[in-house]
Amino acid sequence: MRKRTQMKTRQRQSRAKVPPTDLEWERMKATQRNLDHNDAVQESFYLQQRYYSLWGDGVASSPVDLNLLLRNLTAKKIPFVLTGAHGIGGWTGRPRATKDVDILVKGERNQTRAVNAIKSLYPQLEVREFKGVFGFFIPGEKESVIDVTYPHRADQIETLKNPTWTEKKEEGLRYRVPSLEEALANKYGAMLTPTRSIGKRQQAIVDFSWMVSHSLDKGRQAIDLERLEILGEMVRPGGGGKEILWLVEEVKAGKAINLDTLG
């Protein structure tokens, strides 16, 4: 009888909620800022540089200067969209550090031109070809510092067709980042990619959630749900459109997204 009582007590304790922290403190820590896209890009680049400088000899220093890379591709008239963490910081309101620069280009000729331009700019980097992606590596390192990708899904084609322009005004540098709905669809696609590591798929959920919540802030661009549904269907034909809209509503309701429920 005593053992049974102890077991029930442990079960009740295991179901008990974690004590709440200060609500205002939590809201402060989740702050999202209204940033110009270029300002968000430059903040991510600054954080990236700080990462390498703080680690010193512990991490191989990247020679990649983001703005030099963007200027080089622009000067050579190679159409591209800056994607990855750099490209979505303006939509999340929370720019973050990243180790690589992600460049999306059309396939074949444009990808070849982009790869050759970067080879000329950074001849010290090793180039490795994967399916649909050329990765540029610091010799001896396992993780790339530049990725040049061509679209392998219809939503990524739309990312190239319907970008958002931004500008580093002091240098007259104009370039493109994903538009909001395309950025959300791209992250939805990343969530569903089975060959992607579980950590990176979960990071896609985090980015998706920040973008949705920031779109609700005062003065922010609202999500075009009709367009998002079309893009979601491009990611996963036969249900992706409805599912991506459901994900938006889940985030709005403050609910967590579970990878195991998707697809």
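- Using a 4.0 Å cut-off between a side-chain N of Lys or Arg and a carboxylate O of Asp or Glu, Arg227 and Glu158 qualify as a salt bridge.
- Between the Ser179 side chain and the Glu181 main chain, no donor and acceptor come within less than 3.5 Å of each other.
- Judged purely by atom type and a 3.5 angstrom limit, Glu243 has no side-chain atom pairing as donor or acceptor with the backbone of Gly232.
- Looking only at distances, a side-chain donor or acceptor of Asn116 sits under 3.5 Å from a matching main-chain atom of Thr112.
- Side-chain atoms of Thr193 do not come within 3.5 Å of backbone N or O of Arg196 as any donor-acceptor pair.
- Around the CD atom of Glu226, the shell of radius 6.0 Å holds no more than 12 heavy atoms that belong to other residues, nucleotides or ligands.
- Distance alone, capped at 3.5 Å, is enough to place a donor-acceptor pair between the Arg94 side chain and the Thr31 backbone.
- Under the 6.0 Å distance and 45° angle rule, Arg128 counts as a cation-pi partner of Phe137.
- A salt bridge does not link Glu108 to Lys106: none of the charged nitrogens lies less than 4.0 Å from a carboxylate oxygen.
- Lys29 and Glu26 are not joined by a salt bridge, as no carboxylate oxygen comes within less than 4.0 angstrom of a charged side-chain nitrogen.
- The ring pair (Phe, Tyr, Trp, His ring centres under 6.0 Å) analysis of residues 29-48, with sequence neighbours excluded, yields the pairs His37-Trp91.
- With respect to Glu182 and Lys161, no salt bridge is recorded, no charged nitrogen being found less than 4.0 Å from a carboxylate O.
- Here Asp147 pairs with Asp100, Asp102, Val133, Ser144, Thr149 under the side chain to side chain contact (heavy atoms under 4.5 Å, CB included) rule; sequence neighbours left out.
- Between Glu126 and Lys119 there is no salt bridge, since no side-chain nitrogen of the basic residue lies less than 4.0 Å from a carboxylate oxygen of the acidic one.
- Remark: side-chain polar atoms of Arg220 are not paired, donor with acceptor, to backbone N or O of Ser215 under 3.5 angstrom.
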- Task: Could you go through the side-chain hydrogen bond (donor to acceptor under 3.5 Å, both in side chains) check for Gln32 and Ser213 one step at a time?
- Result: CA-CA 9 Å; Gln32 293 170 274; Ser213 62; 3.0 Å; yes

